[in-house]
Amino acid sequence: MTLRLHDTATREVRDFVPLEEGKAGIYVCGLTVQSEPHVGHVRSAVNFDVLRRWLTASGYQVTFIRNVTDIDDKILVKSAEQGRPWFNLAYDMHRELTRALDSINVLPPTYEPAATGHVPEILDLIDRLIKAGHAYAAEDGSGDVYFDVRSWPQYGELTRQRVEDMEPAGDADPRGKRDPRDFALWKGWKKDSEPATAAWPSPYGPGRPGWHIECSAMAGKYLGKAFDIHGGGVDLRFPHHENEQAQSRAADDPFASYWLHNAWITTAGEKMSKSLGNSLLVPEVLKRVRGIELRFYMVSAHYRSHVEFSFEALEEAAKSFQRIENYLARAAEALGREVPSGGALCAEFTEAMDDDLGTPAAVAVIHDVVREGNKLLTDGDPEALSGNAASVRAMLAILGLDPADPAWGATSRGDDKLTGVVDALVRGLLEERERARLEKDWARADAIRDQIKAAGIEVEDTPTGPKWSV
RNA sequence: GGUGGGUUGGCCGAGAGGCGAGGCAACGGACUGCAAAUCCGUGUACACGGGUUCAAAUCCCGUACCCACCUCCA
């Protein structure tokens with residue numbers, strides 16, 4: 001059984017064959033750190049985190065690079081509006097992003113390079129492109145350097161478009177361009193409108209990197225001239241990824257073998273960047289559900305399917321996940337110890353994941369195993385129960401959803417100290433209720449239960465006595 | 001104009017020629033003092049119109065509607 005992935009370049013699901021056996025190099029376009037991340041932004045990170053975890057679980061040694069773009073037009077404009085330095089805005093938003101990703105258990109990448117830290121590498125690549133005859137310095141004195149689209153016959157190959165059908169690039173005044181579709185590799189410093197801190201010295205005069213060049217330069221630096229997988233959101237296919245590929249290949253770097261693109265989360269049928277309001281910012285959403293539940297919601301849909309975000313669907317997913325979580329908790333209690341990690345993965349699960357990361361089918365497998373486990377819970381075969389629960393836990397871990405993962409901190413199962421305190425308080429009431437039940441004083445028993453419930457605590461009667469949960 | 005994707009039951013969301021993924025909700029049953037949890041069961045879903053086929057949600061043709069990208073959006 002081999003992993004198969006949907007490659008945007010070939011538009012088909014095909015076997016994953018790494019360049020080097022047992023190793024996988026992945027480059028994912030992260031965010032332009034210009035504003036707070038919303039749920040749409042983090043979907044991409046979750047999707048590729050699942051890819052990374054699955055490759056790792058499949059025995060690959062994974063190098064995972066996810067960049068941040070920390071200098072660009074929008075950052076300059078927004079920081080100017082907010083009256084603070086652009087680097088402060090970028091840094092703050094970068095920290096917000098990290099916080100958001102931590103809260104949904106997205107593993108830190110192997111490395112997270114930033115555009116501003118790689119100006120020499122970028123200039124080196126531009127130099128190679130100019131020498132190869134695929135780039136030129138603008139003749140209008142702007143200090144811009146452009147990629148010469150007409151010099152690269154394969155331009156458009158990734159997205160199957162003909163240059164003639166494309167609209168002109170609006171990234172600079174077209175006067176300095178040989179063809180309106182040429183795009184900027186280097187943007188000359190505009191003295192009158194841009195801060196001096198946003199310019200770096202170069203052979204073409206002070207300026208800053210164009211949008212696409214950084215990814216080519218950084219992928220080359222950390223993953224090599226050829227690497228396995230390049231990922232990002234669908235919107236990046238064109239122009240960003242098309243341009244990256246053109247730049248790198250024109251400089252004689254083979255670049256990515258596979259291109260993966262995740263679909264959108266939309267609201268009201270529109271992409272989130274168009275939506276107003278901040279109710280979909282990650283910290284806001286996490287006021288409604290826990291991080292692990294948000295992640296489950298995202299993993300429940302295939303990464304190439306559009307998701308229409310709604311709080312109703314999110315809360316439904318949370319309930320669905322709680323069913324799994326409750327099973328693990330009850331299994332641990334029945335076993336009298338923690339559910340072991342490193343359990344076996346079901347063949348159906350592996351098959352689903354190998355088939356272009358079929359997380360919806362993988363989740364269905366987990367539900368099936370949970371149902372089996374719930375039966376074992378009453379049948380009482382500890383050996384089988386332990387194996388079953390460990391299997392559930394292992395499969396959840398692949399999806400980054402293991403409730404026992406310390407990454408979830410205290411948010412997942414509550415703080416132990418507090419649990420002890422509440423238990424002490426509730427236990428007295430429960431004992432009183434048990435006495436009432438023995439006397440068949442149902443009215444009193446129910447009154448106590450209602451009283452506890454009013455405090456936000458649910459009581460369940462089990463064969464081994466009453467249990468409470470928040 | 002060019003390129004790509006979509007429309008599945010009350011809802012979410014898979015599948016991609018034959019066998020009803022899974023979840024949520026609902027209903028019935030078991031268990032329970034009653035609940036809760038859990039288990040068992042209950043659905044004649046695939047935008048519309050044609051066609052191909054023994055067999056179509058799945059393939060083909062057409063129609064409608066929706067979405068994304070076409071140069072600094074995940």
Side-chain angles (χ1 to χ4, degrees), chain A residues 8 11 28-32 34 37-48 69 71-75 149 156 159-162 164-172 180-184 187 209-212 214 231-240 242-243 261-266 269-274 296-297 300-302 304-308 310 312-321 323-324 326-327 330 348 352 358-368 370-371 373-375 377-378 437 440-443 445-446 449 453 458-463 466-467 469:
Chain A
T8 304
R11 287 189 305 180
V28 175
C29 288
L31 285 184
T32 297
Q34 50 157 333
H38 58 234
V39 287
H41 288 132
V42 296
R43 177 187 190 185
S44 179
V46 168
N47 288 153
F48 288 105
T69 297
I71 179 75
D72 91 318
D73 289 357
K74 284 188 178 171
I75 292 174
V149 165
T159 48
R160 289 160 195 268
Q161 297 181 94
R162 303 184 325 145
E164 292 72 29
D165 297 329
M166 295 176 188
E167 295 176 4
D171 61 348
R181 280 148 298 212
D182 290 350
F183 56 90
K187 306 185 79 163
W211 177 34
H212 319 291
E214 56 182 283
V234 272
D235 58 318
L236 296 179
R237 282 180 308 196
F238 193 89
H240 188 52
E242 187 73 65
N243 290 356
H261 291 100
N262 66 279
W264 296 102
I265 292 186
T266 57
E270 285 188 325
K271 58 193 293 187
M272 281 194 180
S273 51
K274 289 181 186 167
F296 180 80
Y297 173 65
S300 298
H302 188 88
R304 285 192 287 119
S305 295
H306 291 219
V307 170
E308 174 70 17
S310 76
E312 290 72 29
L314 177 63
E315 272 151 19
E316 188 182 286
K319 277 187 202 164
S320 175
F321 184 71
R323 176 184 146 79
I324 298 170
N326 288 343
Y327 162 64
R330 296 200 302 145
E348 295 84 359
T359 55
V363 167
V365 171
I366 293 175
H367 273 114
D368 289 340
V370 165
R371 189 178 308 110
N374 274 321
K375 283 189 229 175
L377 224 35
T378 45
R437 291 184 70 206
K440 298 197 192 294
D441 185 352
W442 309 127
D446 290 350
R449 185 167 61 193
K453 187 174 182 168
E458 294 287 341
V459 175
E460 283 177 46
D461 295 318
T462 75
K467 276 176 53 188
S469 58

Nearest to the [X] side chain among [options], which nucleotide is it?
X        : options             : answer
A:His41  : B:G23, B:C73, B:U71 : B:C73
A:Asp235 : B:G22, B:A68, B:C73 : B:C73
A:Trp264 : B:G2, B:A68, B:C24  : B:A68

[atom1] of [X] versus [atom2] of [N]: gap in Å, rounded?
X        : N     : atom1 : atom2 : value
A:Ile366 : B:A21 : CD1   : C1'   : 14 Å
A:Arg181 : B:U71 : CZ    : P     : 11 Å
A:Glu312 : B:C24 : CD    : P     : 17 Å
A:Gln161 : B:G1  : CD    : P     : 15 Å
A:Arg11  : B:G6  : CZ    : P     : 12 Å
A:Arg304 : B:A14 : CZ    : P     : 11 Å
A:Phe238 : B:C70 : CZ    : P     : 8 Å
A:Lys319 : B:C24 : NZ    : P     : 9 Å

Task: Check: A:Arg323 side chain, A:Ser320 main-chain N or O, donor-acceptor pair, under 3.5 Å - done: no
Task: Heavy-atom donor-acceptor pair, A:Arg162 side chain to A:Gly156 backbone, under 3.5 Å - done: no
Distance check, [atom1] atoms only: [N] and [M], in whole angstrom units.
N     : M     : atom1 : answer
B:G22 : B:C60 : C1'   : 31 Å
B:C24 : B:C66 : C1'   : 25 Å
B:A47 : B:C11 : P     : 14 Å
B:G33 : B:G41 : P     : 25 Å
B:U8  : B:G15 : P     : 14 Å
B:G29 : B:C61 : C1'   : 49 Å
B:G17 : B:U52 : C1'   : 11 Å
B:U7  : B:A26 : P     : 27 Å

Indicate the atoms forming the closest heavy-atom contact of [X] with [Y], along with that distance.
X        : Y        : result
A:Ala263 : A:Val234 : CA-CG2, 4.3 Å
A:Ala361 : A:Ala352 : CB-CB, 3.7 Å
A:Ala301 : A:Thr359 : O-OG1, 3.4 Å
A:Glu348 : A:Val365 : CB-CG2, 3.7 Å

TODO: Verify whether one side chain among A:Thr69 and A:Glu214 offers a donor that lies under 3.5 Å from an acceptor in the other.
DONE: yes
TODO: Would you check if there is a donor-acceptor pair between the side chains of A:Gln161 and A:Thr159 at a distance under 3.5 Å?
DONE: yes
With a 4.5 Å cut-off on side-chain heavy atoms, are [Y] and [X] touching?
X        : Y        : value
A:Phe296 : A:Ile324 : yes
A:His240 : A:Phe238 : no
A:Tyr327 : A:Leu377 : yes
A:Asn262 : A:Phe48  : yes

What are the atom names and distances for every N/O pair under 3.5 Å that joins the protein to nucleotides 11-13 of chain B?
none

Between protein and nucleic acid, restricted to nucleotides 32-38 of chain B and to nitrogen or oxygen atoms under 3.5 Å apart, what atom pairs and distances do you find?
unit_1: B:G33; atom_1: N7; unit_2: A:Arg437; atom_2: NH2; d: 3.4
unit_1: B:G33; atom_1: O6; unit_2: A:Arg433; atom_2: NH2; d: 3.3
unit_1: B:G33; atom_1: O6; unit_2: A:Arg437; atom_2: NE; d: 3.4
unit_1: B:G33; atom_1: N1; unit_2: A:Asp446; atom_2: OD1; d: 3.0
unit_1: B:G33; atom_1: N2; unit_2: A:Asp446; atom_2: OD2; d: 2.8
unit_1: B:C34; atom_1: O2; unit_2: A:Arg449; atom_2: NH2; d: 2.7
unit_1: B:C34; atom_1: N3; unit_2: A:Arg449; atom_2: NH1; d: 3.1
unit_1: B:C34; atom_1: N3; unit_2: A:Arg449; atom_2: NH2; d: 3.3
unit_1: B:C34; atom_1: N4; unit_2: A:Asp461; atom_2: OD2; d: 2.9
unit_1: B:A35; atom_1: N6; unit_2: A:Asp461; atom_2: O; d: 3.2
unit_1: B:A35; atom_1: N1; unit_2: A:Asp461; atom_2: N; d: 2.9
unit_1: B:A35; atom_1: N3; unit_2: A:Arg449; atom_2: NH1; d: 3.0
unit_1: B:A36; atom_1: N1; unit_2: A:Asp461; atom_2: O; d: 3.4
unit_1: B:U38; atom_1: O3'; unit_2: A:Asn374; atom_2: ND2; d: 3.1

Looking at every strand, decide which applies to [X] at a 4.0 Å heavy-atom threshold: base, sugar-phosphate, or nothing.
X        : value
A:Ile265 : base
A:Gly40  : base
A:Gly156 : nothing
A:Arg43  : nothing

- [ ] Would you kindly compare A:Trp211 and A:Phe296 by the position of their nearest RNA chain B nucleotide and give the one closer to the 5′ end?
- [x] A:Phe296
Open item on the list: Can you work out whether A:Ser44 or A:Arg237 has the more 5'-proximal nearest nucleotide on RNA chain B?
Closed with: A:Arg237
Task: Gap between atom NZ of A:Lys467 and atom CG of A:Asp461 - 0.5 Å precision - done: 11.0 Å
Task: A:His261 NE2 to A:Cys29 SG distance, which is reported to the nearest 0.5 Å - done: 7.5 Å
Task: Strand RNA chain B in bracket notation, Watson-Crick/G-U under 3.5 Å with | for pairs to another chain - done: (((((((..(((.....[...))).(((((.......)))))....(((((..]....))))))))))))....
